[in-house]
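Right, one structure below, let's go through it.
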Amino acid sequence: MKLENGNFWTKTISGKTISVFLVSSLILLSGFSGIFSQENKSGKVLKLTTEETVKRALDSNFKLQNLRYELAKTDSSYLKAESQYSWRLVADGSFRQTVLPLNQNNVFTGTKTSDDTIKGGIEKTIRTTGTYFKLEAGNRRFDSNAFEDKSNPLTASFAGLALPPLYTGFITATVSQDLLKNSFGYKGRNQERILDNQKEMAKSQVSLQISEAIVGSLVDFWDYSVKLQSLKTFRRLKENVSNIRNLTVRKQGLGLSEGFEVNQWNALLAQADSQLETAVVQKDEAKRKLARTLKLENDSDLSEETDLMEEIPEKPDYTKDLDIAYKKRADYLNAVREKEIAELMLKNAKSDQLPSLTLSGSASSQAQTITSPDKNYTDATDGVQSARYKDFNGKVSFSYPLFDKGVAAGRRDSEIGVRQATLKENEVKNEVRDDLRGRIDSLEASYKIYKNSIVTEKETQNYYNGVVRSFQQGRADAVAVKNALDTLVRDQLSLTQAKVNFNIDLMRYYIAKNMLLERFDLDAEKLIPHLE
């Protein structure tokens, strides 16, 4: 059994094809107050509630656990892109020393100079405007041996001009802004919305996969339920055949039946016994698989309570349900998001055709001393905080590629993308509409068939009972009893099939509205695993 792309397929059991009782799953589970009665080990009956069954699947099934971790990663691209707007601590240092020969060029500058700068600060790109901002503080140390060599007659007379190391402190604020291509963060905001939509699309897709995986993990339970119902039917068949065989033997002793009739019923009893043995093996195999899937104790004895839904909980309302489907269906919501992404990409493509015009500037407050670096920040009169000594710097840069075919192709592709996304949105919208209409029609039809099957099985049972009474009274032969029994078994199996088909269509109806997780009080946020 498997669930693929929301469609329920079929499985062959004992050479007979039966509808995949897959979907009856959640109805099988959500319809009852509890499927099994929990007592636990040592031979006691184990009864799992719907919530407990799903919880066990979420905690033990590999595919579900893996998808839950994938769900936790759906916002990774968005968060990584957000890092560009984070505050950053920056620092750097540069150290330079120069040694030159003594000549006329460096008599007054010195033959040995050191120029070292250390600075640090914070920077940030502002999300709403795309403005780059940086604030930093630092200190520059400059030292030259000019006029310090007293043995040199050229500089000895200027020894008074020699200076110890000179310290220059500063605090600088820098701002940069794109005025055209990324005007005040226009492209950045669009890109952020694109990533946000992609995050929601990934979350919806993974949530849908989790929903399908939940159904897949419960296939074992549904299979167990089906095998259990088949076992009960074949048990009743064997009991009935055995009773008729015994009655035929007694009638033979009275001369009312022939020996070959006993032979016939002996053969039918052997056949029924073989069918029962096969059903027992299949039921036990399904039980072991279910226990393995849900990580139950090996000695757990599962309850045989497998009641299915017999009524529609709430009469379908096409108009109301269609509105819910448009708000919840992952395929339609993702188609809408794809269209919005395409429109945002087109806006950015149009911006790429504009020139890049960047305005940047910086302003510094400075101080200078030959005493120590810290005095530049502690001296209230001439220090940096006095803002008496300033340094301003401004810059405008312009860039515009001529005849750029790549930019033109980007805009063309974005316009095509919008048209394709619009077509897809309309197509998916029609698919959702038709799918929901079909699910409602199937549900109503299968409900009527199920109710008719109840009547059919009841009437066949009465007919079989009447034939048996007539057989006991010698007014009916073995052929009539066999035909009545075959019809009864067929109608009982048909009733089980009709009941399951009704539950299948009921579940498909919920899936068409994407109300699967809500039936278990689950949502994407609750399914995200807690990471330490």
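In what follows, residues are counted from 1 in the order of the sequence shown. Any value given below was found using the heavy atoms of this structure, including those in side chains, with hydrogens, waters and symmetry copies removed.
Lys73 and Glu70 are joined by a salt bridge, as a carboxylate oxygen and a charged side-chain nitrogen come within less than 4.0 angstrom of each other. Taking the charged nitrogens against the carboxylate oxygens, Lys287 and Asp284 have no contact shorter than 4.0 Å, which rules out a salt bridge. Salt-bridge formation is detected for the pair Glu311/Lys451: a Lys NZ or Arg NE/NH1/NH2 atom is positioned less than 4.0 Å from an Asp or Glu carboxylate oxygen. At a threshold of 4.0 Å, the pair Arg411-Glu415 counts as salt-bridged, since one of the basic side-chain nitrogens sits closer than that to a carboxylate oxygen.
Using a 4.5 Å heavy-atom cutoff, the side chains of Glu444 and Lys315 are in contact. Using a 4.5 Å heavy-atom threshold, the side chains of Val336 and Val428 count as separate. Looking only at side-chain heavy atoms (C-beta outward), Trp265 and Lys482 come within less than 4.5 Å of each other. The shortest distance between side-chain heavy atoms of Asp196 and Glu192 does not fall below 4.5 Å. With contacts defined as side-chain heavy-atom distances shorter than 4.5 Å, the pair Gln198/Leu195 qualifies. Annotation: side chain of Gln275 is not in contact with side chain of Lys238 (no heavy-atom distance under 4.5 Å). With a 4.5 Å cut-off on side-chain heavy atoms, Glu457 and Leu488 count as touching. Taking the side chain as every heavy atom from C-beta outward, Pro316 and Leu443 approach each other to under 4.5 Å.
In this structure Glu518 satisfies the side chain to side chain donor-acceptor pair (under 3.5 Å) test together with Lys328, sequence neighbours excluded. For Glu314, the side chain to side chain donor-acceptor pair (under 3.5 Å) criterion is met by no residue, not counting sequence neighbours.
Open room surrounds CD on Glu285; 12 or fewer heavy atoms of other groups in view lie less than 6.0 Å from it. When the shell of 6.0 Å around CZ of Arg437 is examined, it contains more than 12 heavy atoms from other residues, nucleotides or ligands. Counting non-hydrogen atoms of neighbouring residues, nucleotides and ligands closer than 6.0 angstrom, the NZ atom of Lys124 exceeds 12 such neighbours. The neighbour count for Met201 CE, taken as heavy atoms of other residues, nucleotides or ligands under 6.0 Å away, is above 12. Counting non-hydrogen atoms of neighbouring residues, nucleotides and ligands closer than 6.0 angstrom, the NZ atom of Lys424 reaches no more than 12 such neighbours.
No side-chain donor-acceptor contact under 3.5 Å links Asp75 to the backbone of Lys199. Put simply, the side chain of Tyr450 never gets that close to the backbone of Glu310: no donor and acceptor are under 3.5 Å apart. Listed for the Gln84 side chain is a donor-acceptor partner under 3.5 Å among the backbone atoms of Ala81. Here the side chain of Asn452 pairs a donor or acceptor atom with the backbone of Lys448 at under 3.5 angstrom. Distance alone, capped at 3.5 Å, is enough to place a donor-acceptor pair between the Asn430 side chain and the Asn426 backbone.
For Asn465 and Gln461, the side-chain atoms include at least one donor-acceptor pair closer than 3.5 Å. Using modelled atom types and a 3.5 Å distance limit, the side chains of Asp321 and Tyr509 yield a donor-acceptor pair.
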Please step through salt bridge (charged side-chain N to carboxylate O under 4.0 Å, His left out) for the pair Arg508 and Asp505, ending with a clear verdict. CA-CA 5 Å; Arg508 285 176 172 170; Asp505 286 323; 3.7 Å; yes
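Using the six-membered ring where Trp is involved, Phe502 and Tyr447 have ring planes that are tilted, between 30° and 60° apart.
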